[in-house]
Enquirer: 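One structure coming up, written as C-alpha cells, with questions to follow.
Every heavy atom of this structure was used, including side-chain atoms; hydrogens, water molecules and symmetry mates were not. Only a predicted model underlies this, so the values are computations on that prediction, with no experimental measurement involved. One-based numbering, in listed order, for ligands and for the atoms of each.
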Amino acid sequence: MSAVRQVFGAVQRRAFSASTRQASKVTVLGAAGGIGQPLSLLLKLNPRVSELALYDIRLAPGVAADIGHINTKSTVTGYDPTPSGLRDCLKGSEIVLIPAGVPRKPGMTRDDLFNTNASIVRDLAKAAAESAPEANILVISNPVNSTVPITAEVFKSKGVYNPRRLFGVTTLDVVRASRFISQIKGTDPANENITVVGGHSGATIVPLLSQAGYELTGEQLDEYVHRVQFGGDEVVQAKGGAGSATLSMAMAGARFAESLLKAAQGQKGVIEPTFVDSPLFKDQGCDFFASNVELGPNGVEKIHPVGKITDYEQKLLDVCLGDLQKNIQKGVDFAKQNP
Ligand SMILES: NC(=O)c1ccc[n+]([C@@H]2O[C@H](COP(=O)([O-])OP(=O)(O)OC[C@H]3O[C@@H](n4cnc5c(N)ncnc54)[C@H](O)[C@@H]3O)[C@@H](O)[C@H]2O)c1
Ligand SMILES: O=C(O)C[C@H](O)C(=O)O
C-alpha cells in the first residue's frame, strides 16, 4: 500500500471510530479562499464535526461538492452568496470561523488591510449576530487586533455580545514559535508549546520563551523573537504577491476549532492562546489581549495571566501594549462610526 493510502486510511479509521457525542455544526465564512479551502478540508476530516457549512462570495458550492465526496460522516453544504444563503449557512452553528477578506502583499502591514477587511468582517459579524448569536466566533481575517473589536461592537449593537464566545485566532503564532525554537534546539516541535501573548501583528506578538525554560541571549534571542513576530512576512515575501500563509493557518485554525469542540464536549484542561476580551490590561486601554485561555462548554472558561517574565520580555510587552491599544481603538471607532 502506498504511503499516501496508508495516511488517508489512518485518518479515515480515526474519523469513523472516534465518538461524536453531540452534533456540531461548523461554519466557514470565506470557505473558497486560500485558508478557507484547506481549513474546510481539515474540518471535514474531524469526527467531532457533524455538519460543515461553507459560505463565500464565490465557489462555496463547488468547494462543498468536492470536499463532500470525502468518506467521513459529516455532511457538507455550500451556500450561495445571498442574504438567505448566509442566514441558512449560519443558523444552528456551534462554531463560525471567519477567514474572509484580502491577504497581504509584500510591503504591506496587516493594518494596511483594514480598509477592505473591516467592512467585510463587520457585515459577516452582523449576519452571525442575527443568525447564530450563541455561536463561538473565531476571527481569522486581518488585522485581527482590530477585526475582533469590530466583531464585539457589532454583537454589542445587536444586544447579543457574549465575551466568552469571541476569539481572535492567534494559534499560528504559537505554532511558529514552537517550530522555530525546535529548529534552534534540535527538539521535536510536537513537544514544544511556547506561550505567545499580546496580539497578532509585528511587535504586538510577544513570545515568552523563558516560560518554556529556554534561555537564549543576545543576537540569537533577538533573531528568534523577530522571526516569531514577523513569521507572516516571511511567507508573504516567499509567495511574492500571491498571498500570505494559508496552509499553516488552516492547520492552526483547525487546531483551535478542535480544541473548542473538545472543550464543548466535556474535555477538561483544554488551553489555547487566543485574543479575547480580557481583564489583564484593560487598565492600559487594551480591552482585548491574547494569553493562554482555558476553554470550556461556554467558550472562555479561564483567562490565564501572563505570569512570570524576564525584563527583556517585559520590554516587548510594553511595546506591544502601546501598539495594541491603538489597533483596538481603531476597530472600535470604525464599528461605531460605520454601523
Ligand atoms: N489570523 C491569522 O493568523 C491569519 C493567518 C493568515 C491569514 N490571515 C488572514 O486571513 C484572511 C484570508 O486570507 P486568505 O489567504 O484565505 O485570502 P484569500 O483571498 O485567498 O481568501 C479570502 C476569501 O474570502 C472571500 N471573501 C471576500 N469577501 C467575502 C465576504 N464578504 N463574504 C464571504 N467571503 C468573502 C473571498 O472570495 C476569498 O475566497 C486575510 O485577511 C489574511 O490576512 C490571518
Ligand atoms: O502575515 C499575514 O499577513 C498573514 C497572517 O497574519 C500570518 O501571520 O501569517
Enquirer: What protein heavy atom sits nearest atom 3 (O) of ligand 2, and how far away is it?
Expert: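 The protein heavy atom lying closest is Arg104 NE, 2.6 Å.
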Enquirer: Quick one: which ligand 2 atoms are inside 4.0 Å of a heavy atom on Ser244?
Expert: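 That gives atoms 2 (C), 3 (O), 4 (C) of ligand 2.
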Enquirer: Let me see the working for Arg87 and Glu130 under salt bridge (charged side-chain N to carboxylate O under 4.0 Å, His left out), right down to the final yes or no.
Expert: CA-CA 8 Å; Arg87 261 198 310 277; Glu130 282 161 12; over 6 Å; no
Enquirer: For ligand 2, note which part of Met249 has a heavy atom under 4.0 Å away: side chain, backbone, both or neither.
Expert: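 Near ligand 2, Met249 shows nothing, with every heavy atom at 4.0 Å or more.
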Enquirer: Compute the minimum heavy-atom distance from Leu29 to ligand 1 and say whether it is under 4.0 Å.
Expert: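 No; Leu29 lies far enough from ligand 1 that no heavy-atom distance drops under 4.0 Å.
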Enquirer: Identify which of Gly101, Gly243, Gly33 has a heavy atom lying nearest to atom 17 (O) of ligand 1.
Expert: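 Ranked by closest heavy atom to atom 17 (O) of ligand 1, first place is Gly101.
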Enquirer: Do me a favour and list the nearest non-hydrogen protein atom to atom 39 (O) of ligand 1 with residue, atom name and distance?
Expert: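 Going by distance alone, atom 39 (O) of ligand 1 is nearest to Asp56 OD2, 2.8 Å.
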Enquirer: Please write down residue, atom name and distance for the protein heavy atom closest to atom 27 (C) of ligand 1.
Expert: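 Ranking protein heavy atoms by distance from atom 27 (C) of ligand 1, first comes Ile57 CD1, 3.8 Å.
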Enquirer: Looking only at N/O atoms, are Asp173 and ligand 2 under 3.5 Å apart anywhere?
Expert: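 N/O-N/O distance under 3.5 Å: no.
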Enquirer: Please work out whether the ring planes of Phe289 and Phe281 are parallel, tilted or perpendicular, with thresholds of 30° and 60°.
Expert: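 Tilted, since the angle between the ring planes falls between 30° and 60°.
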Enquirer: For atom 34 (N) of ligand 1, state which one of Ala100, Pro38, Ala60 supplies the nearest heavy atom.
Expert: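 Of the listed residues, Ala100 has the closest heavy atom.
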Enquirer: Could you find the nearest protein heavy atom to atom 8 (N) of ligand 1 and give me its residue, atom name and distance?
Expert: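 Residue, atom and distance for the closest contact: Asn142 ND2, 3.4 Å.
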Enquirer: How does His200 reach ligand 1, if at all, at less than 4.0 Å between non-hydrogen atoms: by side chain, backbone, both, or neither?
Expert: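 Just the side chain.
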Enquirer: Any side-chain donor paired with an acceptor under 3.5 Å for Glu192 and Ser182?
Expert: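 No.
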Enquirer: Report yes if some N/O of Arg110 lies less than 3.5 Å from some N/O of ligand 2; otherwise report no.
Expert: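 Yes - when backbone and side-chain N and O of Arg110 are compared with those of ligand 2, one distance drops under 3.5 Å.
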Enquirer: Is the contact between Val144 and ligand 2 made by the side chain, the backbone, both, or neither, using heavy atoms and a 4.0 Å cut-off?
Expert: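 Looking at Val144 and ligand 2, no heavy atom falls under 4.0 Å.
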Enquirer: To which protein heavy atom is atom 6 (O) of ligand 2 closest, and what is the distance rounded to 0.1 Å?
Expert: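 Looking at atom 6 (O) of ligand 2, the protein heavy atom closest to it is His200 NE2, 2.6 Å.
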Enquirer: Considering non-hydrogen atoms of the protein only, which is the closest contact for atom 33 (C) of ligand 1, and what is the distance?
Expert: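 Closest protein heavy atom to atom 33 (C) of ligand 1: Tyr55 CE2, 3.7 Å.
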Enquirer: Could you tell me, atom by atom, which parts of ligand 2 come under 4.0 Å of a heavy atom of Asn142?
Expert: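 Counting atoms of ligand 2 from 1, those under 4.0 Å from Asn142 are 3 (O), 4 (C), 5 (C), 6 (O).
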Enquirer: Residue-level breakdown please: for Arg176 versus ligand 2, do any non-hydrogen atoms fall below 4.0 Å on the side chain, on the backbone, on both, or on neither?
Expert: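 Contact part for Arg176 vs ligand 2: side chain (C-beta onward).
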Enquirer: Going by the order shown, which atoms of ligand 2 are within less than 4.0 Å of some heavy atom of Ala245?
Expert: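 Near Ala245, meaning under 4.0 Å from one of its heavy atoms, ligand 2 has 9 (O).
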Enquirer: Just to confirm my output: which protein heavy-atom neighbour is closest to atom 1 (N) of ligand 1, and how far is it?
Expert: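 Result for atom 1 (N) of ligand 1: Ile140 O, 3.1 Å.
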